[in-house]
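All of these numbers come straight from a predicted model, not from anything done at the bench.
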Amino acid sequence: MMIKHKVISVLVASCIATSISAAQLAPKNPYLADSQNPFPHGDTAQQDVMPSVGPVDVTRQLKADEIEYIHTGPAFFGSYTSSEYPDGKRVYWSNGLDRIIKIDFDTHEILSTRMIDGVPVWTEEQADDAIGYFNDNNEGFFALVRAFQEAQKLTSLASVYTLLDNNNDYYLANKAGYIEAFSDAEEGVRDSAIVLKRRFDYPAELAGQNAMGLNMTYDGWIVTVTDTGKLLAIKPDFSEYHIADLQHNEGAAEKATRPTGYGWVRNAPALDKNGGIYIASQEYMHKVIWTGNGFSTDEADGAWAIPYDNSWGHGTGSTPSLMGFEGEGDELVIITDGNQSMSVNAYWRNEIPADWK
């Protein structure tokens, strides 16, 4: 059964919330870095929330001495927090167009940099030139042209999707058809060099496909889904893998509506503690079951695939997000639909409770 709510109801609820109870947070995944932000969207449920209070102040413009700027090169989509190192401190891991970096959690000093092979290096002078241009010229036709030129750099970003595990290994899914694991050159030493530990090249069944985000099961397998609806689970040491198809992905490559970002699957999967994997394709919300030894799309195992409205034709742009855990609250998965004026769709993850009204 599917229940729809207008998006405004979600926005109002988020604005008035002041604290988050433990029942509203996903169970901690012991195989991810022991931090509040080990990968994009924060946790396996893809909630984008943290059990901590953010800055509280009157809205105001920051003073110059409150702004820190460190050149890292362009297109750093996010930074992910490590577990504590033996010295009790943490680092941020992050990557952009031309490099992978580690940043001290407390001082924001860049501790280590590894340049990515085979891509242009973007200098601090180039960054300062772009920033200076927009500080002086932020309106009109020529500013739009310069903004378009700068945005074209993003087409070279090979590894948007990353994950940091409990060994402080940093996994990057590359659109060229492989996943790499990077780590500290000296185990447990925060400021040691960044080294490539291993690489997993996609098997022939996945040739030419792009990974749409990484996640991790509660028994320690890395899971991704490709833009054409192929599921892949890999052991973190890359010694074993499993592949399966999402339901209804026949002809998925032809259903892509644009070259970049509008494939049959456009977003990362969300996972629950009981093996549920939740994926939004172009017209369906899917639940797939991770058995510990492969994937199941069998309804008898608890899997399902339910269509949603898609009058826009490009599918949903949202990553599925879970709510309700450990028997507390309605256990739902949430997405926006594929209409130009979007609604928020809420699906029961499991059986609808008999006493639900």
Side-chain angles (χ1 to χ4, degrees), residues 1-14 16-17 20-29 41-49 213 215 217-219 223 225 229 231 244-249 264-292 294-312 315-339 341-357:
M1 179 178 180
M2 178 179 68
I3 309 148
K4 289 186 179 180
H5 299 284
K6 292 296 183 184
V7 68
I8 188 65
S9 66
V10 177
L11 293 176
V12 170
S14 67
I16 63 174
I20 298 171
S21 71
Q24 293 173 292
L25 296 171
K28 196 168 188 66
N29 188 326
H41 302 302
D43 60 20
T44 53
Q46 306 282 26
Q47 291 185 301
D48 274 318
V49 295
N215 208 328
T217 67
Y218 280 82
D219 59 352
V223 171
V225 60
L231 287 157
D245 285 285
L246 279 180
Q247 290 177 281
H248 311 294
N249 77 335
W264 191 72
V265 175
R266 294 169 54 190
N267 300 284
L271 275 68
D272 68 27
K273 190 176 182 180
N274 301 312
I277 302 172
Y278 303 88
I279 299 164
S281 67
Q282 197 176 90
E283 296 173 330
Y284 292 86
M285 182 65 228
H286 303 256
K287 179 181 181 179
V288 178
I289 303 299
W290 170 248
T291 67
F295 300 103
S296 172
T297 56
D298 192 334
E299 197 170 314
D301 293 326
W304 45 260
I306 300 175
Y308 60 83
D309 291 343
N310 184 31
S311 62
W312 188 46
T316 177
S318 64
T319 299
S321 184
L322 309 187
M323 61 179 287
F325 304 98
E326 312 281 66
E328 296 288 336
D330 293 338
E331 296 186 352
L332 305 174
V333 54
I334 314 294
I335 60 167
T336 54
D337 62 19
N339 293 328
S341 178
M342 294 180 294
S343 298
V344 173
N345 292 7
Y347 301 81
W348 290 102
R349 302 206 304 268
N350 306 302
E351 293 291 329
I352 302 174
D355 60 351
W356 182 79
K357 298 177 182 180

Note to self: Checking side chain to side chain contact (heavy atoms under 4.5 Å, CB included) between I279 and each of V223, T319, V265, which is the one that passes?
What the structure shows: V265
Please examine the side chains of [Y] and [X], heavy atoms only from C-beta on, and report whether any two atoms are closer than 4.5 Å.
X	Y	value
N29	D43	no
W348	D330	yes
K287	N350	yes

Shortest non-hydrogen contact between [X] and [Y], atoms and distance:
X	Y	answer
G324	R349	O-NH2, 2.9 Å
Y218	A26	OH-CB, 4.3 Å
Y308	G315	OH-CA, 3.4 Å

Quick check for you: to the nearest 0.5 Å, what is the distance between [X] atom [atom1] and [Y] atom [atom2]?
X	Y	atom1	atom2	result
N345	I334	CG	CD1	8.5 Å
D309	E283	CG	CD	11.0 Å
D48	S321	CG	OG	7.0 Å
W312	D337	CH2	CG	11.0 Å
T316	Q282	OG1	CD	11.0 Å

Notebook entry, point to check: Which residues satisfy the ring-ring contact (aromatic ring centres under 6.0 Å, His included) test with H248, sequence neighbours excluded?
Noted result: Y284
Checklist line | ring-ring contact (aromatic ring centres under 6.0 Å, His included) partners for F295, two or more places apart | finding: W290
Notebook entry, point to check: Any salt bridge (Lys or Arg N to Asp or Glu O under 4.0 Å) pairs touching residues 317-326, not counting sequence neighbours?
Noted result: K273-E326
Note to self: Any side-chain to backbone donor/acceptor pair from Q47 onto L322? Under 3.5 Å, distance only.
What the structure shows: yes
With [X], which residues qualify under side chain to side chain contact (heavy atoms under 4.5 Å, CB included), at least two apart?
X	answer
S296	I289, T291, D298, D301
M285	Y278, A280, W304, P320, V333, I335, Y347
N215	F39, T44, Q46, P269, L271

Margin query: Is it the case that over 12 heavy atoms from other parts of the model lie below 6.0 angstrom from the CD atom of Q247?
Written below: yes
Note to self: Side chains of D272 and N274: any donor to acceptor distance under 3.5 Å?
What the structure shows: no
